[in-house]
*Asks:* 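Encoded as structure tokens, here's the structure I'll be asking about.
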2 protein chains.
Amino acid sequence: MASPDLDFAAEKAGDPLFVQSLARGMQVMAAFQGVERALSLAEIAARTSITRSAAQRLVHTLRKMGYLRLTEDGRGFLPDLGVLDLTYDYLRLNPLLRRASPALLELRRNVRERVDLSLFDGQRMVYAARMQSKREMFFATLVGNTVPTFCTSGGWAVMAHLPDHQVDALLANADMKALTPRTLTDPAAIREQIAMARENGHALALEQILMGEVALGGAILGAEGRPVAAIHVAGSLSEWEPEEFRRRVAPLVAETVRSIESL
Amino acid sequence: MASPDLDFAAEKAGDPLFVQSLARGMQVMAAFQGVERALSLAEIAARTSITRSAAQRLVHTLRKMGYLRLTEDGRGFLPDLGVLDLTYDYLRLNPLLRRASPALLELRRNVRERVDLSLFDGQRMVYAARMQSKREMFFATLVGNTVPTFCTSGGWAVMAHLPDHQVDALLANADMKALTPRTLTDPAAIREQIAMARENGHALALEQILMGEVALGGAILGAEGRPVAAIHVAGSLSEWEPEEFRRRVAPLVAETVRSIESL
DNA sequence: CCACTTGTATTGCAATCCGATGCACTTGCA
DNA sequence: TGCAAGTGCATCGGATTGCAATACAAGTGG
């Protein structure tokens, strides 16, 4: 498992406003990314490139504040409930989500399939709102989950609104590993999807993230016309013919996007 | 609007392991609790009892790390996407949620109403998993949202598993303001509900949080038999007779609780 | 148009955080 | 049974690091 890039040492150099202790504390919180179980003090120290002493103090502090906790068996540390308070504030105060929420609920009422809103963050699309339908996988239902931009309907729709050189940069830097046998990892093939998205105003993705899933995505544009997020609707190929899915869902997504952007 | 208690100065006294800078940084993040719009540097400083200089450096650092951002109009600061990464790690690594998730999905399939799981945090019940049904309000659907323990079905169910002196302490310290005209704020009335919950193994709440809503809650017990969370099912009084709701939903909730605790 | 806000930048001083070390305890292997 | 390596927790002197006062440019509202 590749350790995430937690190295903020470079940032620090020659930045008198940068508070090292705070940064290290946040690195401790971020150390849990990609991890599957509780982390011991030594592991936290290793993953953050911080000495055990410092890690001890930072963990101690985060613990007292309710952001970290010791596991029941005392063997390691995990994020604690305080994190959800931050989550709530983020979601609640996000202007885009405030505007989008009613429209998303309306959309879900109409399509009766899973509806998501994900935020564009360069290489990643970060799920911020999920309206499930029937069956659901596991972690996939969690807020904050991320999927790569290069292989999702929403990502394609977003890239369709970026200038070519930005698309090129994004694809060049992407870590393209296939999530399913059908995931497109060839830049040319992806560019083709983007071209289609530019024509249609939406993108249709077949089994890019999950086998048996068809997804239709539309981009949401921010103030200066730059794409900031995407709406997805996901259905099952056992119930939908792809073209039928597009015919039925695309207009509804388009209208939802319009109604969000018009506010 | 009452400012939340962000005063960690007391904790600090005589705790050599406490990292002040980190604590202050987290206080900055927590400063957004209860706020309805972006916060200026001065406001952040005021709400955290930190000098403007310090607030500036902390905000600067949090910004560089993606936890805070400047609003488009440059008028203030808001939590940024980095928060959702922490959220995802918290949700994903929480052992209870890992176990509960499949059972909750199953429950929702059966009842076709909104199903929630909320974590017991003393005075508050914090929503950690939400499976909406049809109509929904906005903030109400967000992860990390909290409702008071004293006036929710889940809170009553949880208190039913606490010894009396702890219930007394909780009610004594509760800030009981009615959320609807029917919210129970009389300790005696609440104790009665708790008594009923002890008999039934679940609690039924009528219009305690929202008018027109009926909710049934069951407590989830942790390792040593202490309540740690609750499951809720919420329906509309326009569609359900309360007793009918109980008859139909209670057994399903009970079974879900059992299946979660048995893991 | 002036007074007041906003975010940003600089700098000397000392408090704060750093990190090496050591302890008490549990776990697992021999 | 006993050693070794893991755990979290505690101590302490020194200098790095964050502190707070101050100043600046830009923008707002009266």
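Chain letters run A, B, ... following the sequence lines, proteins first and then strands; every chain starts at 1.
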*Asks:* Nearest whole Å is fine: how far is C:dG7 P from B:L68 CG?
*Replies:* 12 Å
*Asks:* Tell me which pairs pass salt bridge (charged side-chain N to carboxylate O under 4.0 Å, His left out) where either residue lies in residues 76-86 of chain A, with sequence neighbours left out.
*Replies:* A:D85-B:R124
*Asks:* How many whole angstroms separate atom CG of A:L22 from atom P of C:dC17?
*Replies:* 11 Å
*Asks:* Under the side-chain hydrogen bond (donor to acceptor under 3.5 Å, both in side chains) definition, can you give me all pairs with a residue in residues 52-61 of chain B, not counting sequence neighbours?
*Replies:* A:D15-B:H60
*Asks:* Which residues pass the side-chain contact (heavy atoms from CB on, under 4.5 Å) test with B:A46, sequence neighbours left out?
*Replies:* none
*Asks:* Find the distance B:D73:CG to D:dA26:P and express it as a whole number of Å.
*Replies:* 19 Å
*Asks:* Does B:M159 form a side-chain contact (heavy atoms from CB on, under 4.5 Å) with B:L170? I'd like the steps, not just the answer.
*Replies:* CA-CA 9 Å; B:M159 286 191 284; B:L170 202 155; 4.1 Å; yes
*Asks:* Go through C:dG19, D:dT17, D:dC19 for me and flag the one nearest to the A:R24 side chain.
*Replies:* C:dG19
*Asks:* Taking CD1 from A:I50 and P from C:dC17, how many angstroms apart are they, rounded to a whole number?
*Replies:* 14 Å
*Asks:* Determine, for nucleotides 6-13 of chain D in 5'-to-3' order, which nucleotides have protein heavy atoms under 4.0 Å from the base (write B), from only the sugar-phosphate (write S), or from neither (write -).
*Replies:* -SSBBB--
*Asks:* Using the test side chain to side chain donor-acceptor pair (under 3.5 Å), find all partners of B:E106 that sit at least two apart in sequence or belong to another chain.
*Replies:* B:R109
*Asks:* Give a yes/no on whether any side-chain N or O of A:S21 is located under 4.0 angstrom from OP1 or OP2 of C:dT16.
*Replies:* no
*Asks:* Can you measure A:L58 atom CG to C:dC17 atom P for me and round it to whole angstrom units?
*Replies:* 10 Å
*Asks:* Taking only the P atom of each, what is the distance from C:dC17 to D:dA20 in whole angstrom?
*Replies:* 11 Å
*Asks:* Write down the distance separating the P atoms in D:dA21 and C:dT16, rounded off to the nearest Å.
*Replies:* 14 Å
*Asks:* Test of understanding: with side chain to side chain donor-acceptor pair (under 3.5 Å), list the residues that count as partners of A:R69, not counting sequence neighbours.
*Replies:* A:E72
